[in-house]
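Notes for the one structure printed next.
Chain identifiers are assigned alphabetically (A, B, ...) following the order of the sequence lines, protein sequences preceding nucleic acid strands; residue numbering begins at 1 within each chain.
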2 protein chains.
Amino acid sequence: MGAMPQPPAPRKTTGRPARISRTEILRTALRIVTDEGVARLTMRRLASEVGSTPMALYHHVRDKEELLLLLLDDYAAQHLHRPSTAPTEPRERVIAAATAIHEVLADCPWVVEVLTADDLMSKSALWFVEQIVDGLTACGLTLESAVHGYRAIWYYTAGEIVIRTTAAHRRAADDRPTYRERVFTDLDPDELPRLAEVSDRWAPLTAQDIYVHGLTALVNGLLARPD
Amino acid sequence: MGAMPQPPAPRKTTGRPARISRTEILRTALRIVTDEGVARLTMRRLASEVGSTPMALYHHVRDKEELLLLLLDDYAAQHLHRPSTAPTEPRERVIAAATAIHEVLADCPWVVEVLTADDLMSKSALWFVEQIVDGLTACGLTLESAVHGYRAIWYYTAGEIVIRTTAAHRRAADDRPTYRERVFTDLDPDELPRLAEVSDRWAPLTAQDIYVHGLTALVNGLLARPD
DNA sequence: TTAAGTTTCTATACATGTAAGAAAACTAGC
DNA sequence: GCTAGTTTTCTTACATGTATAGAAACTTAA
């Protein structure tokens, strides 16, 4: 909740005085989202709650996407806490940092609408990124390889969250059979023997949480080949 | 381009005869998208091109998301080709299959709007999924672990595509500094030494294509620990 | 005090996806 | 032929994000 980057530059001199502030907008938006869900956060609703008009918001926030990005920032700052006792083994530190980020983001309901940002988010997350990069270098990677490794971890983490979240969302809003279910019936065992073999176990198998498992594999693989 | 699943069930008996078909809709939509980009594909535009009204489309397609999903299906069916000579070594087969999927999807401009589907797509992609699962089992994984492994690969692949594509999209539509750029200035070298050290190299580093690198690491890691 | 400049806010308008319900075009039974 | 039932299509309407144009409220310079 520290000072955010404030593009409107706090020059206190000229012009019409502002009646709403970005922080007020964000505070109200966060309340709406936590109370009633991200679907209820519309620009009109938000404007009326801060006692203004929709277009006035656009002087404090570029568009709704930036608004959500800033919300995620706040959310991360509030929920991402550096552990009091971090693992000493560097490999474990990498995994712990990635898992921490993953846990916080996976619990954030509106995360999907933002997560496609090209890189990881707020200042509060940077410490975890540092842990990952530093842990990888401590295991013998060059700094460049460590950055690439971090990036691979981020792809994996973001992909897991985005896919799992939207899948859950879709299932909740829809009682018709999933695409997967339609495709997975009538598999030709001659052409696709493995898939046919697991076709009935596919749903429970893919419902399992394998994040840490895959993350560990990825980190191990990254560390096994120094380049 | 084979027969798609047709939920409206081809009963030829009662009711008003249809003037448009799902395949006609998809054909037109694909033309619009390939000619003018996904942004130009609106339900109204599509309706007028098939000589109908917007709401009539909704009897052949649940919503726009399903329309895009079906488009991606078509796209994959046209562009995913099984290699004539697949690698014999199972680990290489896994990597080759994942890379093939990745290449096709990364070239598909509207992929991001759909890619968050909870599982991989059309029948044309199933052969590649089979290659991955089968390759992993051939390396000694149990069938369950192989499915989990495939899933980790899919998370990584989808995440890479989604993040890279939207990042490029954002940069194209925006000349203001990226969030990353704002955050990466003024890093405290005491608190975040590694990030401060690479801060100026961060942009070019993260612009590099590391998909295969990360994929190889992930696969190696998955194979290293049979459970 | 007035004029110019700067910033913020408001009013209006548009394009979009799509919900709701009425109408149309057919078939089957009488 | 006529009625009921079924499926597809059309009309209308709404909520949403946001572009555009200009009004309003302030500061500074004259």
Side-chain angles (χ1 to χ4, degrees), chain A residues 6-26 28-29 32-33 36-71 110 113-114 169-170 173-176, chain B residues 6-26 28-29 32-33 36-71 110 113-114 169-170 173-176:
Chain A
Q6 296 260 6
R11 57 180 63 125
K12 300 200 167 155
T13 46
T14 95
R16 177 175 177 167
R19 274 156 57 158
I20 54 180
S21 67
R22 174 186 267 194
T23 53
E24 186 190 357
I25 291 174
L26 286 178
T28 311
I32 294 176
V33 161
E36 310 182 32
V38 66
R40 304 295 278 276
L41 180 69
T42 69
M43 299 306 270
R44 286 167 225 264
R45 164 82 186 276
L46 179 56
S48 88
E49 298 249 338
V50 300
S52 185
T53 60
M55 291 314 291
L57 303 177
Y58 285 81
H59 266 262
H60 302 85
V61 154
R62 177 171 27 161
D63 51 18
K64 197 181 180 185
E65 186 179 305
E66 180 176 285
L67 177 72
L68 289 172
L69 200 88
L70 294 168
L71 276 190
W110 69 92
E113 334 232 5
V114 193
H169 202 261
R170 233 185 281 257
D174 197 356
D175 36 355
R176 298 188 346 176
Chain B
Q6 295 260 7
R11 58 178 63 125
K12 299 204 168 154
T13 47
T14 93
R16 177 174 178 167
R19 274 156 58 159
I20 54 180
S21 67
R22 173 186 269 193
T23 53
E24 186 190 357
I25 291 174
L26 286 179
T28 312
I32 294 176
V33 161
E36 310 182 31
V38 66
R40 304 296 278 274
L41 180 68
T42 71
M43 298 306 270
R44 286 166 225 266
R45 164 82 186 276
L46 180 55
S48 89
E49 297 250 338
V50 300
S52 185
T53 59
M55 291 313 290
L57 303 176
Y58 285 81
H59 265 264
H60 302 86
V61 155
R62 177 170 27 161
D63 51 18
K64 198 182 180 185
E65 187 179 304
E66 180 175 287
L67 177 72
L68 289 171
L69 200 87
L70 293 168
L71 276 190
W110 71 91
E113 334 232 5
V114 193
H169 201 262
R170 234 186 281 259
D174 196 356
D175 37 355
R176 299 191 343 179

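Among the heavy atoms of the strands lying under 4.0 Å from A/A18 are primed sugar atoms or P, OP1, OP2 only; no base atom is included.
When the P atom of D/dG17 is taken as reference, atom CZ of A/R45 falls 12 Å away, rounded to whole Å. The nearest whole Å value for the distance from the CG atom in A/L57 to the C1' atom in C/dT7 is 16 Å. One interatomic measurement links the two molecules: CD of A/E66 to C1' of D/dG17, which rounds to 15 Å at whole-angstrom precision. In this structure, CZ of A/R40 is placed 18 Å from C1' of D/dG17, rounded to the nearest angstrom. In this structure, A/R62 places its CZ atom 14 Å from C1' of D/dT18, rounding to the nearest Å. Across the protein-nucleic acid pair, A/R22 atom CZ and C/dT7 atom C1' stand 16 Å apart, rounded to whole Å.
The terminal axes of the helix from C/dT1-D/dA30 to C/dC30-D/dG1, fitted over 5 pairs per end, subtend an angle of 30° to the nearest 10°.
Listed for the A/H60 side chain is a donor-acceptor partner under 3.5 Å among the backbone atoms of A/I20.
In terms of phosphate contacts, A/T53 brings a side-chain nitrogen or oxygen within less than 4.0 Å of OP1 or OP2 of C/dT10. Remark: B/H60 is in phosphate contact with D/dT9, judged by side-chain N or O atoms under 4.0 Å from OP1 or OP2.
Contact record, A/L68 with A/W110: O-NE1, 3.7 Å, taken as the closest heavy-atom pair. Taking all atoms of both residues into account, the shortest heavy-atom contact from B/P54 to B/A47 is N-CB, 3.4 Å.
Counting heavy atoms from C-beta outward, B/L71 and B/L41 have side chains that approach closer than 4.5 Å. Using a 4.5 Å cut-off on side-chain heavy atoms (C-beta onward), B/L67 and B/L46 make contact.
Note that the OG1 atom of A/T42 and the NZ atom of A/K64 stand 6.5 Å from one another [nearest 0.5 Å]. Expressed to the nearest 0.5 Å, how far CG of A/L57 lies from CG of A/D63 amounts to 12.0 Å. Once rounded to the nearest 0.5 Å, the distance linking CD of B/E49 with CZ of B/R44 reads 15.0 Å.
Positionally, the nearest nucleotide of DNA chain C for B/P54 lies more toward the 5' end than for the other of B/P54 and B/G15. Position along DNA chain D of the nearest nucleotide to A/M55 versus A/R19 favours A/M55 as the more 5'-ward residue.
Between C/dC26, D/dC10, D/dA24, one nucleotide has an atom nearer to the side chain of A/R16 than all others, and that is D/dA24. Nearest to the side chain of B/T14, among D/dT18, D/dT7, C/dT6, sits D/dT7. Closest to the side chain of A/P17, out of C/dT10, C/dC26, D/dA25, is D/dA25.
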Using the 3.5 Å cut-off, write out each protein N or O paired with an N or O of nucleotides 15-17 of chain C and the distance between them.
residue : atom : partner : partner atom : Å
C/dG17  : OP1  : B/K64   : NZ           : 2.7
C/dG17  : OP2  : B/M43   : N            : 2.9
C/dG17  : N7   : B/R44   : NH2          : 2.5
C/dG17  : O6   : B/R44   : NH2          : 2.7

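In this structure, the side-chain contact (heavy atoms from CB on, under 4.5 Å) partners of A/E36, at least two apart in sequence or on a different chain, are A/R40, A/R45.
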